[in-house]
Each structure stands twice: as C-alpha cells, then as structure tokens.
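Both ligands and their constituent atoms are indexed starting at 1 by order of listing.
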Amino acid sequence: MAAKSENIGFDPDLLRNKYREERDKRLRTDGNDQYKEVEGDFKYFVEDPYVDKIEKSPENLITEVVIIGGGFGGILAASRLRMSGVNDFKIIEKGGNFGGTWYWNRYPGASCDIESYIYFPLLEETGFIPKHKYTNAPETLEYIGKISEKFNLSENAIFQTEVKEVVWLENEGLWKISTNRGDDIRAKYVVHSNGPLNRPKLPAIEGINDFQGHTFHTSRWDYQYTGGSSKGNLENLKDKKVAIIGTGATAVQCIPHLGEAAKELYVFQRTPSSIDERNNSETDEEWFTKLKPGWHNERRENFEGFLTGNFQQKDLVNDGWTEIFRTILGSIRSSAPSKITMFFWFLGGLFTRNFYKKGIKNYLTDKFISHVGEDNLMNKVEMVDFEKMEKIRARAEEVVNDPNTAESLKPYYRQFCKRPCFHDEYLKTYNRESVTLVDTDGKGLDKITEKGIFFDGKEYEVDCIIFATGFEVGTEYTRRSGYEIIGKNNLSISEKWKDGLVTYHGMHCRGFPNTFFFGPAQGGFTANFTHSLDEQSIHLSYILDKMRKEGKNYVEASEEAEKNWVNTVIEKARNMQAFQESCTPGYYNNEGKPNTSPQNNPYGGGSLEFFSLMKKWRKKGSLDGLEVQSNSFN
Ligand code: NDP
C-alpha cells in the first residue's frame, strides 16, 4: 500500500479515515430538526422584498387546469398546454411574477452552473441566444419573461397568491383550490409544480430574533439595505460589518460580492464546498445561429449521457460536470475488456449513487463483474474520486494565501456528497484583508446575540447577518409546499405518503385523480433540472391531449401500476443508502439520516433511461397504468 500511495500522491487509507472523521464530527441526532420553519416570529424572512403587495378581491372561478407554481416547471407546463391548444388554465404563484427559484434567488452573483445552452428550455422555440456559456439571474429572469411573452402566460397568472389547501370535490369532479387571498378556484386538473427548493430554512440557533442589526435570507436579498443588484456593487455595505452563515452553492456565489463591498466580512463555515474552476465564456453567436434544428435536445441528451453513462463519442458541453464523468470513464476503461458499453451502464448508476456492490448488478453482467472483479471496480471509482478531490483541495492551497484558511477550505468528502461548485473568484476572496473565515469545524455557531454572532468564546459584532442556510428538502410535503392536498375519501397527501412516497411515474398518485406532480421524486432526476421539468411538461400535455381527444375527463393511477412503479423505484434505488451513509451530512443525504425508505428516491436507472421509458409509454398510446374515464358529475 505504501508504494502504491507514493505513486499516486496520496494515501487512500488516510483519506478514507479522514472522510469518516469529518463526517462523524458533523453527524447529529436532530437531522432536519436542527432547522427552524420560517413561520410565526420568523415569517419576516420570507416576505417578498421585490414587489409591493397588491390589494385584490377574492376570485371565484372554474378553469380546466390549475398549475401551482410559476417557476420553470409551471411555465413549461403552461407553454406546452398552450402549444397543444389548451387555453383555459391558471398559474397560481406566490411571487410577484414568474421565475420560481430565479424570482426569489436574486442575491449578488446568482448564476447557474449548468451550461445555459442546455439549462434554458425551449431555446429553439424562442430563438433566444444566451450571452454566456453560464448564465446569471438577471438573464434568466429576462428569458423567463421571453417565454411568458411568447406564450402569453401573464394573462393566465394569479400572482402574489399562496395556495393553502387543495380539496377534491367528489360530486363535482373538480379540485377546489383555496388561497391566502380567500380565492375559491376550481379546476378539473391540478399540476403541482412547487419546486424542490422552495422554502427557505433557518438554523435553530438560539437568539436569532434577539439580533438588533439587519438580517435576511439569501433568497430574499435586501438590496435596499446593501445597495447594488444581482450583478454586485453593494455600495451601501462599505461602512458595514457583515456576517454570512453557510458556505453552500449560494454562499459561494455571493461571498465574492460581499467580500468586495463590505468593510468587514465574516464567513461562518460549517462544511466547505468543493470549488472547481468555472471558466465562463461569451457565446459565439455565429456558431449559435448555425446550429441545426434539433440541436437543443441533442445537446441536453449528450450532457445527460455523460452524467448517466450512455456511450457517446463527443462531449458537446465539455465542462466541469462532464469532465468528472469523463475522468472516471477514462480510468475504468483501462481495465475494460471488449464490452466497454457495460461500463457505461455501470456509470449510469454513479450519478444516482448506485455504486455499491449489489447496485452494480443493475448495470453489468455477472460475467463481466467476475472478469474485472467487483472490489477492483469499486476501488477504481473511489480512487478517481479521491484524485479529483485532491485536485480540488490543492486548488484551495494554491489560491488562498493563508495556510490555515486554505486548510479550512478543503472539503474532505466524496465529490457528490454535496453539490459541486464552480467559481473563479470565491477562493480568492479569502485573500482580502477585510474577509475572515470563521471555521466552526463542523459545529456551526453557538448563538446569536443582540450585537452579532457568538462562537467559541468570542462575540463577532456585526451590522448585518445573512443566512445562506438553504432550503427545506427533507421535511414533509405540506411543510415544504405550504399546503395540504385532500383527495378521494378524505385521504390527505401527508397520510398517503407518511411511510414513503407512492406514485406512478412520479407524476400520478392513486386517490388523487386528475393530479400531476412535477419534480424529481420517483422520476428522472438530473443536475440539469429544467430538462426533467420539460420532459414532465411534454408528458402532461400528451396525457391531457389524449384524454381530450377521447372525450375523457378523469384520470387516476391504477392500484397495480402504482404498486409496480414503487417496486421498480425500490429495486433500482436499493443501494443508495451505503453511499449516502458514508457522506458528510447535508440535504443530499437527509442531513446524515439517509432516507430509510428507498422509495423516496428518484428513478435509479438515471434520467435518460427514465425519459426513454416515458417516451415509449407515450408511443404505445394506451395510457397503461392509468384508469381513464368519462364521468358525468353533478
Ligand atoms: P445548502 O443547503 O447547500 O447550504 C446551506 C449552508 O448552510 C451549508 O453550508 C450548511 O453547512 C450551512 N449551515 C446550515 N446550518 C448551519 C449552522 N447552524 N451554522 C453554520 N452553517 C450552517 O443551500 P444553498 O442555498 O447554498 O444551495 C441550495 C441548492 O441550490 C444547491 O445545492 C443547488 O442545488 C442550488 N443552487 C444552484 C446553483 C447553480 O449554480 N445552479 C447556485 C446556488 C444554489 P453544512 O454543509 O455543514 O450543512
């Protein structure tokens, strides 16, 4: 082992131990309960700082389709409905405009680390040319506006309105949607597209409301206080001492702007993110305008192919995301016999984290595994991960001048334990005299006082505390979405899902007719989230179109289809737990308590396999697994 370690430049055993130690010091018994709900005394954290509240009278109306959520999922659903001739729909959105996560997350530096040419949906339909390879929040909001304009979506929108309850009215064959505005909206169909990162969360730290200075969450950035815009230039902070709590993907993007503007900046870190290079570049318009029809889907699928292991010659996106998988591939290839494609199937499990022993069998033949050797394969994947993370750690050392700060910024966990980040200014920010990294070594802060933050016997007096502490992911549906759904026979969605998610294709749920869920649960998860939302909107409009043509008005998953789908999800996802348990806590592994129920996962065969399954299902044209009827209601 010693000789091997010398050759490769690191000792795998030492790293394994270090990863375990770092994870163990962060494991806590309270899991998701360490976070506070932004309710009651904390409700001010979710008030909309971007628009004035409009006063309006309650609406009473009946419509064909209600879409809950006006983010990318909602506007894609609406655009595709419009394209298929459905015009009688409403989009209910709590923000003052469309945008969803992009409406709320306008913090300075907010940008998307998925290539814009694949992240922006409907690019061929709108003819929009993103200015850069990686886009930012202002351009994304601009593009969302373009989609809305093209499909006249504003006329169907009910903004500044929060859904409070959705109830099935058996006799009417309609859903009743109640809102915080006293509306009574009834719809034949409801699409729930409320986003997986919709509800901000706060750490349950003593004293948050004692703080006498200014405070806000990154998803409600207060530009009145800081000055500037999403592009930075926070001129009002030049005489302010600022603290930011959290160093996840959001903090990584706004810290460089805070560091540039604030008189003093204190960054309170619990776990460092992995920071790779970003290398943004301007769009070559000539190249863009010459792309052949069909290029957009081809590019999205090419990207997805790398992330899910489907063999292809050319890496069209060719960035940090695909590089990770190309590297793994290159290494494993060296031990491959003739059946190289088997390896790609295996890699399909990587992104969905099926890479422990039993999971391999989903992707490789037994013959092949015995040829290469199971342990050998696992070791190779782990070694590539070690190598990649060693480079990430070396980068922190190269860029950051102070050796202690550099050491604190090194992430010790496997790359996909947390969202990988790509940023060219973040690490450099710690070379500023005015910026201090307060490394809490996995503990988090002790308390918040009237004057600032208390940690390890020291009070850091500040004017402003910014919470970059993320969003609720692992809490129950009603807490995250803010509303309950009551289906047939008074069955609530909380009750239905109390022991784990139960759906058909992630979209339908027995007991909840004419309901469509958007999101990654039991469906095709991808880092390029808009791609899966687009696929879901295509699926939705196909089903509604087919029902309309056949004169049907009622659709519900059959008991058998739902049961089989849950079994498929369990079968495909059964080995995620071992990897997740090895990870440092975060929302990817339910704060260190991996979902004990394997059914609470996306479809484990990977997004492309899922999309292709849905495409085949549509092509068959028989709406298999759905009970579709033509009912007459009172
Ligand atoms: P995260 O949940 O990723 O990060 C929350 C941060 O708060 C973590 O660093 C966490 O530390 C820290 N934290 C929580 N509690 C405490 C505490 N008590 N004391 C100190 N620190 C604490 O949220 P983000 O908003 O950063 O990101 C959420 C997601 O949004 C990303 O994963 C990504 O999917 C998406 N996003 C995407 C971007 C893109 O480019 N496409 C950009 C920004 C966000 P710890 O790690 O120890 O839990």
Side-chain angles (χ1 to χ4, degrees), residues 22-23 25-28 30-36 72 100-102 104-107 109-116 118-119 134-137 140 195-208 217-221 230 243-255 266-276 278 280 319-321 409 411-413 416-423 426 437-448 453-455 465-474 520 525-530 583-592:
E22 292 294 325
R23 177 203 61 184
K25 75 167 74 143
R26 288 170 174 83
L27 282 176
R28 38 195 294 169
D30 51 1
N32 276 310
D33 294 338
Q34 68 180 286
Y35 295 107
K36 255 189 207 319
F72 266 122
T101 195
W102 293 103
W104 298 111
N105 288 284
R106 303 181 190 196
Y107 56 84
S111 36
C112 182
D113 56 18
I114 299 290
E115 190 194 59
S116 61
I118 58 168
Y119 182 74
Y134 300 100
T135 188
N136 48 39
T140 307
L197 299 167
N198 156 41
R199 196 141 175 88
K201 63 178 162 51
L202 300 172
I205 304 170
E206 188 193 327
I208 293 182
H217 188 275
T218 46
S219 66
R220 304 290 188 275
W221 196 273
S230 300
I244 182 163
I245 304 173
T247 49
T250 298
V252 164
Q253 293 183 336
C254 64
I255 281 170
Y266 296 92
V267 179
F268 287 84
Q269 172 183 280
R270 197 165 66 173
T271 310
S273 282
S274 86
I275 317 289
D276 208 345
R278 185 150 201 245
N280 204 358
D319 70 355
W321 287 99
L409 288 163
Y412 283 98
Y413 46 79
F416 284 102
C417 285
K418 285 187 180 282
R419 168 94 178 188
C421 298
F422 304 87
H423 209 288
Y426 176 72
L437 179 71
V438 184
D439 180 4
T440 67
D441 196 24
K443 295 187 213 52
L445 18 145
D446 296 335
K447 62 178 179 181
I448 292 178
I453 291 177
F454 195 84
F455 174 70
I465 299 177
I466 301 169
F467 287 88
T469 44
F471 302 87
E472 296 208 7
V473 178
F525 175 77
T526 148
N528 185 16
F529 194 49
T530 55
C583 279
T584 189
Y587 80 83
Y588 272 25
N589 71 347
N590 199 31
E591 302 298 339

> Of all residues at least two apart in sequence or in a different chain, which pass the disulfide bond (SG atoms under 2.5 Å apart) check with C417?
Replying inline: C583
> Do E22 and T584 come close enough that some side-chain heavy atom pair is under 4.5 Å?
Replying inline: no
>> Counting C-beta onward and ignoring hydrogens, is there a side-chain heavy-atom pair between I466 and Y107 closer than 4.5 Å?
In response: no
>> Using a 4.0 Å cutoff against the non-hydrogen atoms of D113, which atoms of ligand 1 qualify?
In response: 39 (C), 40 (O), 41 (N)
>> Distance under 4.0 Å to a non-hydrogen atom of A249: what atoms of ligand 1 satisfy this?
In response: 26 (O), 31 (C), 43 (C), 44 (C)
>> Going by side-chain contact (heavy atoms from CB on, under 4.5 Å), name the residues that satisfy it together with T101, two or more places apart in sequence or in a different chain.
In response: N105
> When you measure from atom 18 (N) of ligand 1 to every protein heavy atom, which one gives the shortest distance, and what is it?
Replying inline: P203 CB, 3.5 Å
>> Return the OG to NE2 distance between S273 and H423, rounded to the nearest 0.5 Å.
In response: 11.5 Å
Is the closest heavy-atom distance from [X] to ligand 1 below 4.0 Å?
| X | result |
| --- | --- |
| I114 | no |
| C421 | no |
| A468 | yes |
| Y107 | yes |
| F467 | no |

> Below 3.5 angstrom, do we get any N/O pair linking F471 and ligand 1?
Replying inline: no
> Which of the listed options, K418, R278, R270, R419, holds the heavy atom that is closest to atom 37 (C) of ligand 1?
Replying inline: R419
> Just going by heavy-atom distances, which of I245, I205, L202 is nearest to atom 20 (C) of ligand 1?
Replying inline: I245
>> Please verify the inter-ring angle class for Y266 with F268; under 30° counts as parallel, over 60° as perpendicular, anything in between as tilted.
In response: tilted
